[in-house]
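Structure first, commentary second.
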Amino acid sequence: QVQLVESGGGLVQAGGSLRLSCAASGRTFSSFAMGWFRQEPGKERDFVAAIGWNAVNLYYADSVKGRFAISRDNAKNTVYLQMNSLKPEDTAVYYCAAKRDTYYSGSVYYQMQDYDYWGQGTQATVSS
């Protein structure tokens, strides 16, 4: 079992930055592929970014490419999402997710159904 706890959300003006963190419990964090998703009220949860267990493979939604950066520190059991040049349309609850990469393939995943564990989310609000 893996527990995920997000932090770092808040209120920021358009053009500003936020850094989200997702801390994972357990001693097998390095064997998990990780992802970030976001959800606006009344809408589906959308993929944002993903990272393989060894951080070699990264993948981003087109809407955030060039503005957001995903990274991880396996020694700290933490994955990060650096969000720059924020826009009001980035306002959402941000969730991190974990998928066990049993064979250490380094693959990244962008579909919700691929992930095994989810955090409770952190709100990021961008004002215009």
Side-chain angles (χ1 to χ4, degrees):
Q1 189 76 5
V2 173
Q3 291 186 327
L4 304 173
V5 179
E6 301 96 334
S7 62
L11 174 64
V12 65
Q13 289 188 330
S17 298
L18 284 173
R19 189 193 195 203
L20 306 183
S21 299
C22 173
S25 65
R27 295 175 289 180
T28 60
F29 175 75
S30 61
S31 66
F32 283 82
M34 301 296 295
W36 285 96
F37 290 74
R38 65 186 181 186
Q39 187 170 21
E40 299 174 64
K43 295 188 177 181
E44 293 184 350
R45 193 169 298 186
D46 293 328
F47 169 76
V48 175
I51 187 168
W53 74 270
N54 58 0
V56 171
N57 293 319
L58 310 176
Y59 188 61
Y60 296 94
D62 288 343
S63 58
V64 306
K65 203 172 293 183
R67 299 188 299 122
F68 290 12
I70 188 170
S71 62
R72 66 190 296 162
D73 185 338
N74 287 345
K76 295 182 178 180
N77 284 11
T78 302
V79 63
Y80 304 98
L81 185 68
Q82 178 67 43
M83 306 190 296
N84 299 324
S85 302
L86 283 162
K87 306 174 182 179
E89 50 264 43
D90 294 317
T91 295
V93 177
Y94 283 74
Y95 298 90
C96 73
K99 173 181 171 57
R100 188 178 298 279
D101 187 357
T102 304
Y103 300 106
Y104 290 88
S105 68
S107 298
V108 293
Y109 304 89
Y110 61 91
Q111 298 188 83
M112 286 183 57
Q113 56 264 38
D114 288 328
Y115 286 88
D116 304 311
Y117 303 99
W118 291 85
Q120 294 300 306
T122 185
Q123 175 72 45
T125 303
V126 185
S127 63
S128 57

Query raised in the report: Going by the side chain to side chain donor-acceptor pair (under 3.5 Å) test, which pairs reach into residues 9-18, not counting sequence neighbours?
Result: Ser17-Asn84
Query raised in the report: If two hydrophobic side chains count as joined below 4.5 Å and joins carry through other members, does Val64 share a cluster with Leu20?
Result: yes
Query - Pairs flagged by disulfide (SG to SG under 2.5 Å) wherever residues 39-88 is involved - sequence neighbours left out - result: none
Query raised in the report: Can you name the side chain to side chain donor-acceptor pair (under 3.5 Å) partners of Gln3, sequence neighbours left out?
Result: none
**Report entry** Rounded distance [0.5 Å steps], CD in Gln123 versus CD in Glu6
**Finding:** 12.0 Å
Query - CG on Leu86 to CG on Leu18, rounded to 0.5 Å - result: 5.5 Å
Report task. Could you note down all residue pairs passing ring pair (Phe, Tyr, Trp, His ring centres under 6.0 Å) where residues 43-82 supplies at least one of them, sequence neighbours left out? Result -> Phe37-Phe47, Phe47-Tyr59, Trp53-Tyr104, Tyr59-Tyr110
Query - Results of side chain to side chain donor-acceptor pair (under 3.5 Å) for Arg67 - residues two or more places apart only - result: Asp90
Query raised in the report: With sequence neighbours left out, what residues match Ser107 under side chain to side chain donor-acceptor pair (under 3.5 Å)?
Result: Ser105
Could you give the side-chain donor-acceptor pairs of residues 114-121 under 3.5 Å, partners two or more places apart or in another chain?
residue, atom, partner, partner atom, Å
Tyr115, OH, Tyr109, O, 2.6
Asp116, OD2, Arg100, N, 3.0

Requested in this report: Please list all pairs passing the side chain to side chain donor-acceptor pair (under 3.5 Å) test where one or both residues lie in residues 68-79, with sequence neighbours left out.
Outcome: Arg72-Asn74
Requested in this report: May I ask you to decide if Val2's main-chain N or O and Ser25's side chain share a donor-acceptor pair within less than 3.5 Å?
Outcome: no
Report task. Give the minimum heavy-atom separation between Thr28 and Ser31, together with the two atoms involved. Result -> O-OG, 2.7 Å
Query raised in the report: Is Phe32 reachable from Leu4 through a run of I, L, V, M, F, W or Y residues, each pair having side-chain heavy atoms under 4.5 Å apart?
Result: yes
Report summary line: Rounding to 0.5 Å, atoms CE (Met112) and NZ (Lys99) come to a distance of 14.0 Å
Query raised in the report: According to a 4.5 Å side-chain heavy-atom criterion applied to Ile, Leu, Val, Met, Phe, Trp and Tyr, with indirect links allowed, do Val5 and Ile51 form part of one hydrophobic cluster?
Result: no
Report task. Can you tell me which residue pairs pass the disulfide (SG to SG under 2.5 Å) test with a partner in residues 60-121, sequence neighbours excluded? Result -> Cys22-Cys96
Requested in this report: Write down the atom of Ile70, the atom of Met34, and the distance for their closest heavy-atom approach.
Outcome: CD1-O, 4.3 Å
**Report entry** Contacts of Tyr94 that satisfy side chain to side chain donor-acceptor pair (under 3.5 Å) - sequence neighbours left out
**Finding:** Arg38
Query raised in the report: Which salt bridge (charged side-chain N to carboxylate O under 4.0 Å, His left out) pairs, counting each pair once, include a residue from residues 51-62, with sequence neighbours left out?
Result: Asp62-Lys65
Requested in this report: Decide yes or no for Val93 and Thr122: does some side-chain heavy atom of the first lie under 4.5 Å from some side-chain heavy atom of the second?
Outcome: no
Query - Residues forming a salt bridge (Lys or Arg N to Asp or Glu O under 4.0 Å) with Asp101, sequence neighbours excluded - result: none
Query raised in the report: Honestly curious: do Val12 and Val48 fall in one hydrophobic cluster under the side-chain, below-4.5 Å linking rule?
Result: yes
